[in-house]
Amino acid sequence: MKNKLTAALLAVVMTASLLVPSMTAKAADTIYNNKTGNQDGYDYELWKDTGNTSMTLNAGGTFDCSWSNINNALFRKGKKFDSTKTYQQIGNITFDYGCDYRPNGNSYLCVYGWTVDPLVEYYIVDSWGTWRPPGGSPKGQIQVDGGTYDVYETTRYNAPSIQGDTTFKQYFSVRTSKRTSGTISVSEHFKAWERMGMRCGKLYEAALNIEGYQSSGSASVYKNNMTVGGSSSQGGNQGGNQGGNTGNQGGSGNSGNTGTATGATVVQCENMTKSGQYTGNISSPFNGVALYANNDSVKYTQYFASGTHDFTLRGCSNNNNMARVDLKIGGQTKGTFYYGDNYPAEYTIKNVSHGTGNQTVELVVTADNGQWDAFLDYLSISGAGAAAGAGTGSSSNTGNNTGANTQNQKLIALTFDDGPSSTTSQVLDVLERYGVKATFFLIGQNVNSNTMAIMQRQVRMGCELASHSYTHEDMSRMNPSQIRNQMEWTSSAIKNTVGVDVKFFRPPYIAVNNSMYENIDVPFIQGSMHNDWEAGTSVSQRVNSVLSSAKDGDIILLHDFQGNSQTVDALPQIIEGLKNQGYTFVTVSELFDKKGVNPDVEYKIWSNVK
């Protein structure tokens, strides 16, 4: 769908960090032609190129709209930003909305906006008319706000934008099932996109948007509460490639170096006390601090009213080598932040146990090998994540928590696709060295007398074998008989070779449809994807992608196809990093069992069991 917007919109029902003043009620205004403005603290816009439109500006973020005989028209209320801050600097953005949505033809109900540097037009689509945007193959799926979204990236060439006619990216999250009310956690989509390699720049706008394209229709947005600032309300429902901060109010009694937003304490690293021979301020890629050598550090004093928090550090490496920064509280090392390249990203260490009262918080380099420098932007502290479960404030980020209640234990499943191959043997060497089990999704035609010994070793090590189809073709294009054959041939090959039953299925290319769900009788598994099938993804990028997005209950998707040596090289750092974060490694079956979750859910593909 073509979108021509020259200015924008937007809306806020501001929370503690942004508050809309009390307004005196007045009669609603109705506009019929292109116009922007601000009402009740919300920026609004009606934009069209041709046709008949009307937009009634009701109280707060609410509005009514209608359109007919149009080419393209957009109606929205939200907030326009100044294009100087990233979404991380602005704080979490959510919309709580409800809409009586009546499209006739092509239309979207979505959150809409732009970023600059890079220039990106983005959509988070909850419902649509006769055509589901934007077409093409998705990059993957994510679970946000209790729903599943397909993620797409497209490119517009010499098209209208907020910077005139130019070339720019479009990002889409499109819900797999329509809805017309609920919560849209915008920042969670941003985080997921960035973990999929879709860079978000400085925020220009975000708004609840009704769009029509060569169609007619009407809508009544009866609720539109936009919240800006604070920590995410997302808990354990972040499947796919999702991460992010969760939880309640962070520490209080902040030092003079800190700024606060609802639910989180944010400390700029350049305002901390610098130590070490080379530590110094930087102005690019952000205003922050560089740690150049071992024992370079920054620190400050933080008051903690409670003893467990999540710590998120925004930073990057100065190049494509892995940078590592240790977190110390009260002189004790609590975990390590990892950054695999020079693109700024957030890395979170969850459920860190520490002392209460005034504590020294330190960020220090101890593993420098002369191949990288660490650039630090800010440290955010929020309440311990809900994913840990109630009453688990004493959980640690180190060790495997052996003997703990397994439903409150931090568990993660490593999985590998496309074997068995000689590379599988190299993966098993690493797993055996660290005493780790994994689940392998096998291609049936790779199961033969030459790979039998590899499979026997997998079973001896306690690993799990599952199906990844027989020929690794797109099964969503097959008829029911072909689908059943792909599954039956693979299951029989595995059973006849090593005597184990297949309990799970991962579709090739993560391409699914209802016919597949109806003809395959084991649970479907996706997992968080880390581009390790691409030769251009470096070892450090693979490591950083896994470690920066890991969450309790995650299924991590990697590949052991013939010659994928970079994943083999990355695996020791991945295992060590996840162990340092407090994870225990289990098979997929064990993950569901220990979390008390039944995987047999119709029409569902799993990436996280939480």
Side-chain angles (χ1 to χ4, degrees), residues 231 243-261 263-276 279 288-289 291 294-315 323-339 346-368 374-388 391-401 404 410 547-548 550 552 576-583:
S231 61
N245 304 327
T246 59
N248 302 315
Q249 178 89 21
S252 58
N254 308 316
S255 75
N257 291 327
T258 66
T260 60
T265 296
V266 179
V267 190
Q268 299 297 326
C269 292
E270 64 267 29
N271 293 332
M272 298 181 186
T273 301
K274 302 172 188 67
S275 300
T279 306
V289 172
L291 306 181
N294 284 331
N295 300 317
D296 280 4
S297 70
V298 289
K299 59 185 176 182
Y300 79 107
T301 300
Q302 173 70 47
Y303 177 84
F304 293 105
S306 59
T308 306
H309 290 86
D310 297 342
F311 291 79
T312 299
L313 180 64
R314 185 172 190 259
R324 307 181 186 190
V325 181
D326 295 336
L327 170 67
K328 290 186 175 182
I329 304 176
Q332 297 182 348
T333 300
K334 298 297 183 178
T336 302
F337 301 98
Y338 295 86
Y339 303 95
E346 291 184 343
Y347 187 100
T348 300
I349 305 174
K350 291 182 175 292
N351 302 320
V352 177
S353 298
H354 52 75
T356 57
N358 286 325
Q359 298 286 329
T360 298
V361 177
E362 183 178 14
L363 304 170
V364 57
V365 165
T366 62
D368 182 29
F375 294 164
L376 312 183
D377 188 1
Y378 58 78
L379 180 70
S380 175
I381 306 171
S382 58
T392 61
S394 62
S395 65
S396 171
N397 280 290
T398 59
N400 285 335
N401 300 324
K410 291 178 67 175
L547 298 185
S548 64
D552 183 27
E576 291 175 7
L578 290 173
K579 283 191 173 184
N580 287 337
Q581 292 182 41
Y583 287 99

Looking at L363, is its backbone amide N or carbonyl O close enough to the side chain of D326 to form a donor-acceptor pair, meaning the two atoms are under 3.5 Å apart?
no
Are V352 and H309 side-chain neighbours, meaning at least one heavy-atom pair lies under 4.5 Å?
no
So V289 and M272, side-chain contact (heavy atoms from CB on, under 4.5 Å) or not? Walk me through it.
CA-CA 9 Å; V289 172; M272 298 181 186; over 6 Å; no
With no hydrogens and no angle check, is any side-chain donor or acceptor of K334 less than 3.5 Å from a backbone partner on S353?
yes
Let me confirm one number: the CZ-OG distance from R314 to S380, rounded to the nearest 0.5 Å.
12.0 Å
Between atom CG of L313 and atom OG1 of T336, what is the distance when rounded to the nearest 0.5 Å?
11.5 Å
Answer whether the closest heavy-atom distance between the side chains of F304 and I381 falls below 4.5 Å.
yes
Can you give me the closest heavy-atom contact between E270 and D377, atom names plus distance?
OE1-O, 3.8 Å
With no hydrogens and no angle check, is any side-chain donor or acceptor of Y583 less than 3.5 Å from a backbone partner on A550?
yes
Could you tell me whether a side-chain N or O of Q581 sits under 3.5 Å from a main-chain N or O of L547, the two making a donor and an acceptor?
yes
Whether F311 and H354 hold their rings parallel, tilted or perpendicular, with breakpoints at 30° and 60°:
perpendicular
D296: what forms a salt bridge (charged side-chain N to carboxylate O under 4.0 Å, His left out) with it, not counting sequence neighbours?
none
Taking all atoms of both residues into account, what is the closest heavy-atom pair of G307 and T356, and its distance?
N-CG2, 3.8 Å
Check: N294 side chain, D368 main-chain N or O, donor-acceptor pair, under 3.5 Å:
yes
Polar contact flag, side-chain donor to acceptor under 3.5 angstrom, E346-Y378
yes
Can you tell me how far CG of L578 sits from NZ of K410, rounded to the nearest 0.5 angstrom?
9.0 Å
Closest heavy-atom contact between C269 and V298?
O-CG1, 4.2 Å
How about L327 and E362: do any of their side-chain heavy atoms sit closer than 4.5 Å?
no
Spatial distance of atom CG (L379) from atom OG1 (T265) [nearest 0.5 Å]
9.5 Å
Tell me which one of D310, T348, T312, V266 satisfies side-chain contact (heavy atoms from CB on, under 4.5 Å) with S382.
D310
State, to 0.1 Å, how close A374 and V365 come at their nearest heavy-atom pair, and which atoms those are.
CB-CG2, 4.3 Å
